Novice: 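Let me give you the structure first, and then I'll get to my questions.
The figures here come from the full heavy-atom set of this structure, side chains too, leaving out hydrogens, waters and symmetry mates. Treat the numbers as computed from the prediction; the structure is a model and nothing was measured. Labels below follow one simple rule: chain letters A, B, ... track the order of the sequence lines, proteins then strands, and each chain is numbered from 1.
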2 protein chains.
Amino acid sequence: MKPVTLKQIAETLGISITTVSKALKDYPDVSKKTKRLVKELAETLNYKPNAFAVTLRTKESKTIGLIIPEVVHHFFSSVIKGIIAQAEKKGYLVIILQSNESYELEKKQLDLLLSKRVDGVLISLANGTGDFKHLNDLMAQDVPLVMFDKIAKIVNCSKVIINDRKAAYTATKHLINSGCKRIAHFRGPLLPQNSIDRFLGYKEALTDNAHTYDPSLVYILEDMSFDEGTYFAGELLKDHNDVDGIFINTDLVAIGAIAEFNKRGVKVPEDISVVGFSNWFMSSVINPSLTTIDQPGYKMGKTAFKLLYKEIKTRKNNQTLTYKTVELKTDLIVRESTNLY
Amino acid sequence: MKPVTLKQIAETLGISITTVSKALKDYPDVSKKTKRLVKELAETLNYKPNAFAVTLRTKESKTIGLIIPEVVHHFFSSVIKGIIAQAEKKGYLVIILQSNESYELEKKQLDLLLSKRVDGVLISLANGTGDFKHLNDLMAQDVPLVMFDKIAKIVNCSKVIINDRKAAYTATKHLINSGCKRIAHFRGPLLPQNSIDRFLGYKEALTDNAHTYDPSLVYILEDMSFDEGTYFAGELLKDHNDVDGIFINTDLVAIGAIAEFNKRGVKVPEDISVVGFSNWFMSSVINPSLTTIDQPGYKMGKTAFKLLYKEIKTRKNNQTLTYKTVELKTDLIVRESTNLY
DNA sequence: CGATTTAACGAAAACGTTTTCGATATCTAA
DNA sequence: TTAGATATCGAAAACGTTTTCGTTAAATCG
């Protein structure tokens, strides 16, 4: 009933634990005959090494931690999938924790992972995170850390990101090229770097192209939900009847806005063009389908793990490590919600 | 740099490791003064017990494994969220593995979890799984197992499910009540219990209500994708021009079908009524919005963990355990894709 | 044949805890 | 004053591995 141990194998075979262990790992100083005997018995007994004993001894847990703001989210679940897939290839397991966009929870989860002695941590920051002591503490304890998507530029570690600013610039430029004259922007909360950068890209595209930047056209949303999309779409129509284009921080909000526009008889893209951000699966399915920026979640997950893995290895070999920031390519996906043909 | 251990605390305080350990766990046989000293030092040194040593000693890893067919999926990510949330409350961590709907991978992942000595495992079966030896082996090794959503009735363990048959019955009945005369069905692959039960519910609703069951109206899909939805919608229109209602196994497919209907000028619900299954977020957002069965993923996750937790506890206390199957309520969400007002 | 290499194995320490069981030292009661 | 109770501590074993370093016996060599 209880799991099989090396000791049991050793006793039934009348040899030492040491030899059993070595036999299973193909040490050169054990005879072929003994190896065969041990391996056969291990097989029939369905022996599995106790991972905790191994970890205790070798200091390698072969487990990494992942902290994300929200699991139920197309982008993040793609990231998860990418990470798990890549981790599996290297024999790593991944423990997933949610911060629910809360700084306090994020700290707590990090503590938990630390006590579990994970070999490394992958994190995408909560919106509320403005202080980075917990991350620096982690670094100080010498546990490899790589941040992705929602990062803190200040923290000195490897990162994998997209160029939010450039992508937002492209999105806004696309609206300008489509002939839009008054372009609004729904942005995210003030803290996370993404919403800042996307806003900056929007602004830069305007001023670069002889559009005047009008702060009253920028709306700051809180939770980036469908309902916020419908609400602020209503506000926008009330405040500015001359807006003919809008760049929206996130597809979900954009979809909410489009729903509201549809409901009020405002035609997309004839009356107002809409560009989203993320390329959720959903955005290709709604009517009209949404022009958006493709954000490669799966690839980001894979890359983030690869970076972490490399860090784990270089530390293990006592090589000097350098932090890298890899920037993933984003694409503008033109669909029906903008009218550039 | 290296993590703090009991030994270090003991040495700097000039007391034994035993006393330090006891002090931290508030054993009665250590003086208040010593306790204070130990706790203070532990705090300033940021001591965290080595989880692997603890596990090795206590046989409790405080970690559970979760195997699901696919991470990037609204329903499953909701389940994940529910599980993580509940696990956190009880101090458990969860390791997530994907089977990618493959039986072979499912077996491998289970093996992995076993070697990690998780305290229990939560699983939703891959579509391809028709043999259950790996699950029975797990049970034989005395590790708690609870299955959810995609289960095997044959395996003797706790389960949390919805009544797929009843829900499908309700969905089909709703089409009948809406006045549909010829009702088709897009079903899933032959193996998983869900698609069998949903099909059975569909069939039963027909025969219970003076509709003749016509096998040619049932289409068997493979991967349940958006594209399959569009493809089979086309096939359906080609094969049967008299169909006026359809019950579809999954929202994603239903959304594909509706997109195809829209494209071909077939009006939903005027020409054909559509009912989906799952209540993805997306289904409230498309046009027309989709009538569907709400499948409570988050709650299912919470319930599954609770069941597992209870099993872990009763085994620990050597109490006799009985397997429970809890059935979660589903609701019919009536929206625009059916015309019952 | 003696010396040396090689092959095969095992003892033991270590990883960091938890917990049982004794060992002191102090205190109380008679 | 002394027997017993009580308070406080620590030694040591155990959990299941991995790995270093010996040890022995057989094989090889000159």
Novice: Could you name each residue pair satisfying salt bridge (charged side-chain N to carboxylate O under 4.0 Å, His left out) that touches residues 89-103 of chain B, not counting sequence neighbours?
Specialist: B/E101-B/K150
Novice: Do NZ/NE/NH1/NH2 and the carboxylate oxygens of A/K313 and A/E60 come within less than 4.0 Å?
Specialist: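 Result for this pair is yes, salt bridge flagged.
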Novice: Among residues at least two apart in sequence or on other chains, which ones pass salt bridge (Lys or Arg N to Asp or Glu O under 4.0 Å) with B/K22?
Specialist: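 Partners of B/K22 by the salt bridge (Lys or Arg N to Asp or Glu O under 4.0 Å) criterion, ordered by chain and then number, come out as B/D29.
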Novice: So, is A/T19 near the phosphate of C/dC9, with a side-chain N or O under 4.0 Å from OP1 or OP2?
Specialist: no
Novice: Toward the 5' end of DNA chain D, which comes first, A/V54 or B/V20, by nearest nucleotide?
Specialist: B/V20
Novice: For A/F305, enumerate each residue passing the ring pair (Phe, Tyr, Trp, His ring centres under 6.0 Å) test, keeping only those at least two apart in sequence or located in another chain.
Specialist: A/Y92
Novice: Might you list the N or O atoms of the protein lying below 3.5 Å from N or O atoms in nucleotides 11-15 of chain D, with each pair's distance?
Specialist:
| residue | atom | partner | partner atom | Å |
| --- | --- | --- | --- | --- |
| D/dA11 | N7 | B/T18 | OG1 | 3.3 |
| D/dA11 | N6 | B/T18 | OG1 | 3.1 |
| D/dA12 | N6 | B/T18 | OG1 | 3.1 |
| D/dA14 | N3 | B/R57 | NH1 | 3.4 |
| D/dC15 | O3' | B/K59 | NZ | 2.7 |

Novice: Does B/F75 have any ring pair (Phe, Tyr, Trp, His ring centres under 6.0 Å) partners at least two apart in sequence or in another chain, and if so, which?
Specialist: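 Counting only residues at least two positions away or on another chain, B/F75 forms no ring pair (Phe, Tyr, Trp, His ring centres under 6.0 Å).
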Novice: Name all pairs fulfilling the salt bridge (charged side-chain N to carboxylate O under 4.0 Å, His left out) condition that reach into residues 66-84 of chain A, sequence neighbours left out, sorted by first residue then second.
Specialist: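 Non-adjacent pairs meeting salt bridge (charged side-chain N to carboxylate O under 4.0 Å, His left out): A/E70-B/K81, A/K81-B/E70.
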Novice: Residues in salt bridge (Lys or Arg N to Asp or Glu O under 4.0 Å) with B/K153, at least two apart?
Specialist: B/D197
Novice: In this structure, how many angstroms lie between the P atom of D/dG10 and the CD atom of B/E11, rounded?
Specialist: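 These atoms are roughly 13 Å apart.
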Novice: For residues 37-52 of chain B, which residue pairs pass the salt bridge (charged side-chain N to carboxylate O under 4.0 Å, His left out) check, not counting sequence neighbours?
Specialist: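 As it turns out, the salt bridge (charged side-chain N to carboxylate O under 4.0 Å, His left out) pairs with a partner in residues 37-52 of chain B, which skip direct neighbours, are A/D111-B/K48, B/D26-B/K39, B/R36-B/E40.
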Novice: For DNA chain C, determine which residues of residues 112-121 of chain B have any heavy atom closer than 4.0 angstrom to one of its atoms, and list them numerically.
Specialist: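 Of all residues in residues 112-121 of chain B, none places a heavy atom under 4.0 Å from DNA chain C.
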Novice: In whole Å, what is the span from the CD atom of B/E60 to the P atom of C/dG16?
Specialist: 22 Å
Novice: Just to be sure I understand the geometry, which residues of residues 24-48 of chain A put a non-hydrogen atom under 4.0 Å away from DNA chain C?
Specialist: A/D29, A/V30, A/S31, A/T34
Novice: With sequence neighbours left out, write down each residue that passes ring pair (Phe, Tyr, Trp, His ring centres under 6.0 Å) with B/H73, or none if nothing qualifies.
Specialist: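 B/H73 satisfies ring pair (Phe, Tyr, Trp, His ring centres under 6.0 Å) with B/F76, B/W280 once adjacent residues are dropped.
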Novice: Which pairs count as salt bridge (charged side-chain N to carboxylate O under 4.0 Å, His left out) when at least one residue sits in residues 115-134 of chain A, sequence neighbours excluded?
Specialist: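 For residues 115-134 of chain A: A/K133-A/D137.
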